[in-house]
Each structure stands twice: as C-alpha cells, then as structure tokens.
Amino acid sequence: MDEKVFKRFDGDRVTDDMLEEASKLFSENYPRIMGRVCLFIARFGISSYVRVSVNGRLAGNAFACRWAVDGMTICWVTQLVVHRDYRERGLASGLLNKIKLDGDDAYGLISSHPAACLAASKAFRSSINTVSLDFMKDHAESIMKASPEGYVRDAKLRGKLFDPKDDNGLVSSVDTEFDVDHEEPLEALAWVRESMEWPLGELFDGHEFILILQARRRSRPRSSSARRSGTT
Ligand SMILES: CC(C)(COP(=O)(O)OP(=O)(O)OC[C@H]1O[C@@H](n2cnc3c(N)ncnc32)[C@H](O)[C@@H]1OP(=O)(O)O)[C@@H](O)C(=O)NCCC(=O)NCCS
C-alpha cells in the first residue's frame, strides 16, 4: 500500500530547496503556459505551503497567502498542482484540507481546472453544490482588490454572476489574460458535466474560473463537558 504523507509549513519555514522542488513539479505538471516557461514562485507573501509525498516522492503541493479585508481573513490558494502519476486519488482535496487554518474566514482560488474547483469545494465546504454564489458575488471584488498578489488584484471579474447582462455563457470567471493551454481543463469540464450541474459556467481562452468560499463554521453547540469546565 502507498504511504501518503501530507505536511504543512508556515511561510517562514519554506526553504529554497522546497521552492526549487515546487518549481520543478509545477513546470513539469502544469498545463502549458503559452510563451512562458514557468511561473516564478516567490517566497514573498507565502503564508502556508503544503505538500504531499507518496512513497517518499513529491506528488503534489500548494501555496497559500493570506490577507484581511471586510473583517475577514482570506486564505488564497495558488499553484496547486499534483504530479500526473498521482491524480484522481484525492491528493488535491487532501492538500487543501491541510492548508486550512482555524482563523480563516474565506478561501479563494483562480483556476482553469474544474478538478481544482471541485477539490477546493470538497475541502473548504463539502461539495460544489453547497457553494454560495451570493457570497462570491458580494465579496469577490473587495477581496481581490485587497490582495497583495498582482495577478489576483488585476484579474477582471467576468460572467453572469458579476454582470447579469453577461449572457455569453460565463458565470464565475476572471479574465487574467494568462494564456494557459485549456485542452486538459476543457476535457475535464466535459467529463464533469456528464455527471453533474456545473455551476461556474464556460471556460474561455485567457480566462479562468474563480471560486470564493466562506469557511464552514461548526454549528454544533458546545459539549456539556466544555460548558461545565467553562472553556470557550
Ligand atoms: C487540478 C489538479 C490539482 C487536481 O488534482 P487531483 O489530485 O487529481 O484532484 P482530486 O483527486 O483531489 O480530485 C478532486 C475532484 O476533481 C475530480 N477530478 C480530478 N481530476 C479530474 C479530471 N481530470 N476530470 C474531471 N474530474 C476530475 C475528482 O473526481 C474529484 O471530484 P469529487 O471531489 O467530486 O470526488 C490536477 O489535475 C493538476 O495538478 N492539474 C494541473 C495543474 C492545475 O491546473 N492546477 C490548478 C491551478 S490552481
């Protein structure tokens, strides 16, 4: 049986060797970015780094940066990637589950890959069908404008969710002008749509999906032992 090990590191514990390995994983397993070799992974701004190894080999990772806006702490996921040999085994969902911190109020992700959106929905809510589009509509703009990450701040919201007059099939998208090869994400989208109602609409060239999710709060009342001991 495979041995899977998930680990989370705070930003200040991320080493140059980790960044180098992450950069290699990314450039070998991310869909081709036209005209660019690879995204530069900067140390600046990393709040958390999560990685999973399978039998000792790096199989996937993701970064998060965090910022505050509208009284909320936003955890923004970036550069989520799983090695091609280890996909569709729940590793992306597991990585995002590991990246969560107790103080997070909302999670965000820009991705062209439907599987990244499904993994985020599973880890941060329970499924994509429980995502509140209203929360996203109300908060997307202010969250993005407050981002320390230029590519998030400068992305333009597109789709019916943000502009009811938009009727070209986009629902929750951003125009990033980032020329990512969409062959793999479009195949995944067709496959996903065979089995479910996909809520985020079409995927156009130069665009990616945007997903912003409110953190799930425990609705269970405090246990009687916690009440007795006076803990909060
Ligand atoms: C997107 C990516 C990270 C998903 O990794 P993964 O480990 O295969 O994802 P998981 O196994 O956790 O699957 C998450 C969900 O997506 C579904 N899924 C995974 N791959 C899929 C595919 N190719 N087509 C359709 N659905 C897919 C899974 O069935 C699962 O759905 P469920 O929660 O309803 O069961 C991986 O495909 C990847 O690295 N792609 C290239 C990089 C990329 O596009 N990253 C996103 C940028 S932020």
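Indexing begins at 1, ligand by ligand and atom by atom, following the structure's order. For the single chain, residues carry numbers from 1 onward in sequence order.
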Would you compute the distance between atom OG of Ser121 and atom CG of Leu211 and round it to the nearest 0.5 angstrom? 4.5 Å

Carboxylate-amine/guanidinium proximity below 4.0 Å for Arg193 and Glu202: yes

How are the rings of His207 and Phe204 set relative to one another: parallel (under 30°), tilted (30 to 60°) or perpendicular (over 60°)? perpendicular

Does the pair Asp166 and Arg158 meet the rule for a salt bridge (Lys or Arg N to Asp or Glu O under 4.0 Å), with working shown? CA-CA 8 Å; Asp166 198 334; Arg158 296 283 183 261; over 6 Å; no

When you check ligand 1 against the protein, what N or O pairs turn up below 3.5 Å? List the atom names and distances, or just say none.
from, atom 1, to, atom 2, distance (Å)
ligand 1, 7 (O), Ala92, N, 3.0
ligand 1, 8 (O), Glu88, N, 2.7
ligand 1, 11 (O), Arg89, N, 3.2
ligand 1, 11 (O), Gly90, N, 2.7
ligand 1, 12 (O), Ala92, N, 3.3
ligand 1, 12 (O), Ser93, N, 3.0
ligand 1, 12 (O), Ser93, OG, 2.9
ligand 1, 33 (O), Lys122, NZ, 3.4
ligand 1, 39 (O), Val82, N, 2.8
ligand 1, 39 (O), Val82, O, 3.4
ligand 1, 39 (O), Arg87, NH2, 3.4
ligand 1, 45 (N), Leu80, O, 2.9

Report the relative orientation of the aromatic rings in Trp198 and Phe209; use parallel for angles under 30°, tilted for 30 to 60°, perpendicular for over 60°. perpendicular

Point-to-point distance, once rounded to the nearest 0.5 Å, from CZ of Phe162 to CG of Asp138: 10.0 Å

